[in-house]
Asks: 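Quick one: this structure, given as structure tokens, is what I'll be asking you about.
Both backbone and side-chain heavy atoms feed into the values below; hydrogens, waters and symmetry mates do not. Bear in mind the structure is a predicted one, so any value in this text is a computation, not a measurement.
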Amino acid sequence: MGSHVIHSLKFAILGFLWLISMESCLSQVDQQDPQVPGFFIFGDSLVDNGNNNGILSLARANYAPYGIDFPEGASGRFNNGLTMVDVLAQLLGLPNLIPPYARTRGPALLRGANFASGASGIRDETGNNLGAHVSMNQQVANFARVVQQMRRAFRRDDNAMSA
């Protein structure tokens with residue numbers, strides 16, 4: 001067996017053990033008392049939950065076999081079920097999974113949004129060979145717009161969360 005196979009096997013075992021420990025933690029979470037008011041997520045395909053669904057890209061996961069273990073089916077997550085940030089949201093006691101930014105507008109943004117995009121990276125040109133994606137700089141720019149909307153909302157501007 002090559003060293004890369006052994007390394008992959010170790011990683012898979014560690015991941016499995018992490019999932020088992022997260023499952024036991026999830027059973028102990030009190031869903032009525034969220035520990036945080038919201039959750040904002042940035043990243044790549046490891047945490048993308050559907051932002052790439054509506055763009056012209058090869059980096060999409062909104063079709064079978066993705067999502068076979070997810071209640072909503074193929075949602076745009078690049079795995080079969082929950083992502084690690086979905087599990088984290090549950091551990092934090094949030095009542096719902098954090099929605100993708102591409103589908104979230106208005107007051108729902110106060111509870112958080114997932115800005116992640118498959119094929120993105122720290123550098124803007126990362127993933128260009130796969131088509132459109134939301135680079136890390138664009139994810140941060142989108143978050144800055146959300147922060148401005150929230151600032152206006154907290155100042156009681158009636159038009160703040162309509163964008």
Asks: Walk me through it: do M150 and L110 pass the test side chain to side chain contact (heavy atoms under 4.5 Å, CB included)?
Replies: CA-CA 7 Å; M150 288 191 300; L110 295 173; 3.5 Å; yes
Asks: Kindly indicate, with the supporting measurements, whether the criterion side chain to side chain contact (heavy atoms under 4.5 Å, CB included) is fulfilled by L94 and V36.
Replies: CA-CA 8 Å; L94 295 172; V36 295; 4.2 Å; yes
Asks: Tell me whether N52 contacts the main-chain N or O of I55 through its side chain, where contact means a donor paired with an acceptor under 3.5 Å.
Replies: no
Asks: Between atom OG of S117 and atom CD of Q139, what is the distance when rounded to the nearest 0.5 Å?
Replies: 6.0 Å
Asks: Would you compute the distance between atom CG of L97 and atom CG of N49 and round it to the nearest 0.5 angstrom?
Replies: 8.0 Å
Asks: Please identify each residue that fulfils side chain to side chain contact (heavy atoms under 4.5 Å, CB included) with E125, with sequence neighbours left out.
Replies: R123, N128
Asks: Taking side chain to side chain donor-acceptor pair (under 3.5 Å) as the test, write out the residues that go with S135, two or more places apart.
Replies: D124
Asks: With sequence neighbours excluded, give me every salt bridge (charged side-chain N to carboxylate O under 4.0 Å, His left out) pair touching residues 131-144.
Replies: none
Asks: Say whether, by atom type as modelled, one donor and one acceptor occur between the side chain of H133 and the main chain of T126 under 3.5 angstrom.
Replies: yes
Asks: Just to verify, what does A61 make a side chain to side chain contact (heavy atoms under 4.5 Å, CB included) with, not counting sequence neighbours?
Replies: Y66, F78
Asks: To the nearest 0.5 Å, how far apart are CG in N51 and CZ in R103?
Replies: 8.5 Å
Asks: Could you work out, with side chain to side chain donor-acceptor pair (under 3.5 Å) as the rule, every residue matching D48, not counting sequence neighbours?
Replies: none
Asks: Hydrophobic cluster membership, with links at side-chain heavy-atom distances under 4.5 Å among I/L/V/M/F/W/Y: are I68 and L82 in one?
Replies: no
Asks: Given 3.5 Å as the limit, does a donor-acceptor pair link the side chain of N114 with the main chain of F40, or not?
Replies: no
Asks: Answer with yes or no whether the hydrophobic clustering places V147 together with M136; edges join I, L, V, M, F, W, Y residues whose side-chain heavy atoms lie under 4.5 Å apart.
Replies: yes
Asks: Going from OG1 on T104 to CD1 on I98, what distance comes out if it is rounded to the nearest 0.5 angstrom?
Replies: 9.0 Å
Asks: Where is the tightest heavy-atom contact between Q149 and L109, given as atom of each residue plus distance?
Replies: OE1-CD1, 3.3 Å
Asks: With sequence neighbours excluded, what pairs up with V140 under the side chain to side chain contact (heavy atoms under 4.5 Å, CB included) test?
Replies: none
Asks: Show which residues join L130 in its hydrophobic cluster (side-chain heavy-atom contacts under 4.5 Å, direct or indirect), or state none.
Replies: L58
Asks: If the condition is ring-ring contact (aromatic ring centres under 6.0 Å, His included), which residues does F115 pass it with, not counting sequence neighbours?
Replies: F42, Y101, F143
Asks: Counting distance only, does the side-chain N/O of S57 pair as donor-acceptor with the main-chain N or O of A132 below 3.5 Å?
Replies: yes
Asks: How close do G118 and A59 get, counting heavy atoms only, and between which atoms?
Replies: O-CB, 3.8 Å
Asks: Could you list the cluster mates of L56? Members are the ILVMFWY residues connected by side-chain heavy atoms closer than 4.5 Å, either directly or through other members.
Replies: none
Asks: Which residues pass the side chain to side chain donor-acceptor pair (under 3.5 Å) test with N142, not counting sequence neighbours?
Replies: Q138, R145
Asks: Could you name each residue pair satisfying salt bridge (charged side-chain N to carboxylate O under 4.0 Å, His left out) that touches residues 49-74, not counting sequence neighbours?
Replies: none
Asks: Applying salt bridge (charged side-chain N to carboxylate O under 4.0 Å, His left out), which residue pairs with at least one partner in residues 77-87 are found, sequence neighbours left out?
Replies: R77-D86
